[in-house]
Amino acid sequence: MSRVRYEKAGHVARVTLDRPEVLNAMDSRTHEELAAIWDDVEADDAVRVAVLGGAGDRAFCVGQDLRERARLNETGAPATTFGSRGQPGWPRLTERFTLTKPVVARVHGHVLGGGFELALACDLIIAADDAVFALPEARLGLVPGAGGAFRLARQLPLKVAMGHLLTGRRMDAATALRHGLVNEVVPRSQLDRCVDEWVSDLLRSAPLSVRAIKESVLRSLDLPLEEAFTTTYTWEERRRAGADAAEGVRAFAEKREPRWSGD
């Protein structure tokens, strides 16, 4: 049985971790399925936005399947560390630094360990008010190896991030919103509506503009500002040469909605 549901409709890819009986914990097979899905998301020009969620009422994802990890330890498999190179499903979303489509995390319930790291790797996070975030790896003799140690310190004030990283303390949705870690928090009953509103707004934007902006922002984060202005961005070059750059201005002048071609 598949570990991940993958559906595409109306320029939107919906990716759902589908192991609710284990709170959507990710085993090797899950990672393999996800890798094929992210390959398809990037390759299919009809897909403009991806939404990542978790099945069931209790969790978005609790991260690594620790029962599988325990079995691997018993067989003498090497311990994991930072990154997933050489492991099933590489490169995982947390290391797909060239994925140009926006990914929206739809989170609820437990968002723990590798599940939190998945959400941190997304471009937007929309959370139900029952969402609880944590990186408990230090309490398990592990490290947040899927980017949590790096992304959390970039997305939160350093002292706040270190407090959560070193202790595994949990953070509720309201606190995450206060720190700017999530885009919006809504009652659980309104989560799908809120996600759909964000998706609709993303789809109103020109596809090449979205990809150019995502690429330029993420590639320039660690660059000096002057260098950021002079760097060449692949998708910005495509946007400048494409028809949609003229279509948006023309539609504004004609007082109509633009008709994006993706070119």
Side-chain angles (χ1 to χ4, degrees), residues 15 17 19-20 22-28 30-31 34 38 52-54 56 58-70 72-73 78-85 87-97 99 103-185 218 221-222:
V15 183
L17 304 173
R19 303 184 74 203
V22 290
L23 304 185
N24 300 315
M26 295 178 289
D27 60 4
S28 297
T30 303
H31 287 302
L34 284 170
W38 297 125
L52 176 62
R58 299 172 60 195
F60 167 70
C61 177
V62 296
Q64 182 178 192
D65 187 329
L66 293 178
R67 290 185 177 84
E68 180 187 63
R69 184 65 244 177
L72 290 170
N73 289 346
T80 58
T81 184
F82 297 111
S84 59
R85 185 180 292 273
Q87 299 179 47
W90 185 85
R92 299 174 183 176
L93 179 63
T94 49
E95 294 170 76
R96 288 192 177 238
F97 304 113
L99 180 63
V103 183
V104 179
R106 173 202 179 278
V107 305
H108 69 285
H110 299 295
V111 189
L112 308 179
F116 192 8
E117 292 173 303
L118 271 183
L120 289 171
C122 293
D123 302 291
L124 306 176
I125 302 176
I126 314 304
D129 56 6
D130 66 349
V132 178
F133 304 87
L135 292 170
E137 283 82 356
R139 298 186 182 191
L140 298 167
L142 305 172
V143 296
F150 311 130
R151 285 192 171 95
L152 199 66
R154 286 166 164 80
Q155 297 180 30
L156 286 179
L158 183 58
K159 292 295 190 295
V160 176
M162 290 297 281
H164 286 278
L165 287 164
L166 298 177
T167 68
R169 284 189 176 190
R170 297 190 172 198
M171 178 190 307
D172 63 26
T175 302
L177 181 64
R178 187 170 71 248
H179 287 306
L181 196 62
V182 302
N183 295 85
E184 193 165 351
V185 174
L218 295 183
L221 282 175
D222 298 320

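Predicted model, so just to flag it, every value in this text is computed and none were measured.
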Under the rule for side-chain hydrogen bond (donor to acceptor under 3.5 Å, both in side chains), what residues qualify as partners of [X], not counting sequence neighbours?
| X | answer |
| --- | --- |
| Ser84 | Glu95 |
| Glu184 | Trp198 |
| Asp172 | Thr175 |

Write down the atom of [X], the atom of [Y], and the distance for their closest heavy-atom approach.
| X | Y | answer |
| --- | --- | --- |
| Ala176 | Phe133 | CB-CE1, 3.9 Å |
| Leu166 | Ala138 | O-CB, 3.9 Å |
| Val107 | Ala131 | CG2-CB, 4.3 Å |

Q) Hey, mind stepping through Leu152 and Val160 against side chain to side chain contact (heavy atoms under 4.5 Å, CB included) and telling me if it holds? A) CA-CA 9 Å; Leu152 199 66; Val160 176; over 6 Å; no
**Message:** Tell me whether the count of non-hydrogen atoms from other residues, nucleotides or ligands lying under 6.0 Å of CZ in Arg151 goes above 12.
**Reply:**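 Count over threshold, so yes.
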Side chains of [X] and [Y], heavy atoms from C-beta outward: is any pair under 4.5 Å?
| X | Y | answer |
| --- | --- | --- |
| Leu66 | Leu140 | yes |
| Leu135 | His164 | no |
| Leu93 | Leu34 | no |
| Leu112 | Leu23 | no |
| Cys122 | Leu52 | yes |
| His110 | Arg170 | yes |
| Phe82 | Val143 | yes |

query: Between Asp222, Leu221, Leu120, which is the residue that forms a side chain to side chain contact (heavy atoms under 4.5 Å, CB included) with Arg154?
result: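 One option only clears the test, and that one is Asp222.
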Pairing residues for Arg69 by the salt bridge (Lys or Arg N to Asp or Glu O under 4.0 Å) criterion, not counting sequence neighbours:
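For Arg69, no residue satisfies salt bridge (Lys or Arg N to Asp or Glu O under 4.0 Å) once neighbours in sequence are set aside.
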Just jot down the salt bridge (Lys or Arg N to Asp or Glu O under 4.0 Å) partners of Asp27, sequence neighbours excluded, or say none.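 Salt bridge (Lys or Arg N to Asp or Glu O under 4.0 Å) check on Asp27 returns Arg3, Arg19.
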### Query
Could you give all pairs that pass the salt bridge (charged side-chain N to carboxylate O under 4.0 Å, His left out) test and reach residues 123-150, with sequence neighbours left out?
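Sorted pair list: Asp123-Lys214, Asp130-Arg188.
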message = So does Pro91 get a backbone contact from the side chain of Arg96, meaning a donor-acceptor N/O pair under 3.5 Å?
response =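 Side chain of Arg96 to backbone of Pro91, a donor-acceptor pair under 3.5 Å: yes, one is there.
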